[in-house]
**Student:** 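Structure in structure tokens, see below.
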Amino acid sequence: MSNAKPTNSAAPHLALIAVQIFFATWPIVGKLALRTLPAVALVGFRVAGATLVLVLLARITGNLQLLDRQDWPLLIVSSALGLILNQWLFVKGLSLTTAINATLLSTSIPISTLVIGIFMGTDRTTWRRLLGIGLAGAGVVYLIGPNRGDFSAATRVGDLLIVANSLCYGAYIAVSKDLVRRYNALTVITWIFIIGSVATIPPGLISLSQIQLGSVSWKVWIEVAYIILLPTAITYYLNAWALARVPPSTVAVYIYVQPLIAFVVAPIVLGETLGVRALISSILIFAGVFVVTRSRRRQDLDQAKILEST
């Protein structure tokens, strides 16, 4: 008997949109915090704070349960890929490159997720899915434009770290699918953070010796609190919850919405204009997401009809 969650609902897709909204703000707020805090220290704060929030939430809801012993190797791998390496590589890479470069290079995540998912048997390729990923990816590349990225010797190390981060996160989405399908999403993500905190908090504490905590302004602590709650605890949980209900490639393709969100917010916050390039890109991105999600909904409805007839 399958433990797969029902997917004939818009809820997972709404959750994934919320995830991308919060994730899109992370590089901006992270850049501000990195002006004061070392990269390793920011990772330590982010993981420690989010772990505390998730443990409290899991205890309150009764979802802080142990996983079966045979699932712990997969849990540790998921934590290493999706949290430990992901956080270290992204934060350090962000401190050494530009936000535009980081956004452009992160568009490789859906491709790596699909390839690894096919290899592991958690996903399968269809012409619709490939077309959707291609359309959305083209929209992001056109929106940002490779010529707008500063791929110079000064940012090369940071760029390579962001590429490695994208590969790790794409692998995490594919690898963790089986866990969140069989267990409660909050249970899985809480243990991922508990394991990740063992590896990230000690280096973070050591890194704090480089600065005087008394000189850190209250604005920086607000930025850290924001990073802990929205682009970390809430987004990781919603992402895991949605992953239990839709394929890894569907979760990953929503990543393409992040640059679009930034270009929608920019006119409001910074007074910038929304040009023709952004409008054309938005059409491509939404078309790609629509193709991927629509093809999945058709598969879900067909599967539901089969189950009803048996």
Side-chain angles (χ1 to χ4, degrees), residues 19-20 23-24 26-28 30-31 33-34 37-47 50 73-120 122-123 133 136-137 140-141 144 146 148-177 192-193 195-204 207 227 231-232 235-236 239 243 248-249 251-256 258-259:
V19 165
Q20 303 317 317
F23 265 151
W26 154 228
I28 300 171
K31 268 288 191 182
L34 285 170
L37 299 174
V40 177
L42 181 58
V43 171
F45 275 125
R46 188 183 186 196
V47 175
L74 183 57
L75 183 67
I76 293 172
V77 170
S78 296
S79 182
L81 291 171
L83 191 60
I84 301 170
L85 293 175
N86 173 47
Q87 293 299 311
W88 279 340
L89 291 169
F90 184 84
V91 175
K92 187 61 178 178
L94 185 63
S95 69
L96 297 174
T97 190
T98 65
I100 289 178
N101 286 19
T103 303
L104 181 60
L105 294 170
S106 294
T107 59
S108 63
I109 291 176
I111 305 300
S112 58
T113 300
L114 180 60
V115 172
I116 295 171
I118 292 170
F119 178 77
M120 293 185 60
T122 59
D123 211 334
I133 290 175
V140 172
V141 172
I144 299 172
R148 297 187 179 187
D150 183 23
F151 295 101
S152 63
T155 64
R156 186 166 298 134
V157 173
D159 295 337
L160 290 174
L161 291 175
I162 295 297
V163 170
N165 153 262
S166 299
L167 293 174
C168 286
Y169 193 73
Y172 156 74
I173 294 175
V175 166
S176 62
K177 167 71 176 180
I192 283 176
F193 269 81
I195 293 171
S197 65
V198 175
T200 56
I201 293 177
S207 179
I227 291 170
T232 311
T235 52
Y236 267 84
N239 215 46
L243 184 58
S249 58
V251 173
V253 79
Y254 273 94
I255 291 169
Y256 286 134
Q258 285 187 36

**Student:** Rounded to the nearest 0.5 Å, what separation is found between the CG atom of Leu167 and the CG atom of Leu85?
**Tutor:** 11.5 Å
**Student:** Check whether any side-chain heavy atom of Thr232 sits under 4.5 Å from a side-chain heavy atom of Phe193, and report yes or no.
**Tutor:**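 Touching, per the 4.5 Å side-chain cut-off.
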**Student:** Please give me the minimum heavy-atom distance between Ala171 and Leu81, naming the atom from each residue.
**Tutor:**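 Where Ala171 meets Leu81 most closely, the heavy atoms are CB-CD1, 3.9 Å.
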**Student:** Is Ser197 reaching over with its side chain to a backbone N or O of Val47, donor-acceptor style, under 3.5 angstrom?
**Tutor:** no
**Student:** Locate the shortest heavy-atom distance separating Gly82 from Tyr172; write the atom from each residue and the value.
**Tutor:** CA-CG, 3.3 Å
**Student:** Please give me the minimum heavy-atom distance between Ile192 and Ser79, naming the atom from each residue.
**Tutor:**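 For Ile192 versus Ser79, the nearest heavy atoms are O-OG, 2.7 Å.
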**Student:** Tell me every residue that passes side chain to side chain contact (heavy atoms under 4.5 Å, CB included) with Val198, counting only those two or more places apart in sequence or in another chain.
**Tutor:**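 Partners of Val198 under the side chain to side chain contact (heavy atoms under 4.5 Å, CB included) test: none.
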**Student:** Donor-acceptor check, side chain of Thr200 to backbone of Ile84, threshold 3.5 angstrom: yes or no?
**Tutor:** no
**Student:** CD1/Ile195 to CG/Leu75 distance, rounded to the nearest 0.5 angstrom?
**Tutor:**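 If I round to the nearest 0.5 Å, the distance is 3.5 Å.
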**Student:** Roughly how far apart are Ile201 CD1 and Phe45 CZ, rounded to 0.5 Å?
**Tutor:**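 Output value for this atom pair is 10.5 Å.
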**Student:** Can you run down the side chain to side chain donor-acceptor pair (under 3.5 Å) pairs that involve residues 84-95, sequence neighbours left out, and say none if there aren't any?
**Tutor:** Arg46-Gln87, Asn86-Asn165, Asn86-Tyr236, Gln87-Tyr236
**Student:** If you round to the nearest 0.5 Å, how far is CZ of Phe90 from CH2 of Trp26?
**Tutor:**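 Atom-to-atom, Trp26:CH2 and Phe90:CZ are 6.5 Å apart.
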**Student:** Kindly give the heavy-atom pair with the smallest separation between Ile116 and Ala174, and that separation in Å.
**Tutor:**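 Minimum heavy-atom contact is CG2-CB, 3.7 Å.
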**Student:** Kindly give the heavy-atom pair with the smallest separation between Leu42 and Gly30, and that separation in Å.
**Tutor:**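 Looking at all heavy atoms of both residues, the shortest contact is CD2-O, 4.2 Å.
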**Student:** For a quick test of reading the model, state the closest non-hydrogen atom pair linking Val175 to Ser78 and the distance between them.
**Tutor:**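 That closest heavy-atom pairing would be CG1-OG, 3.7 Å.
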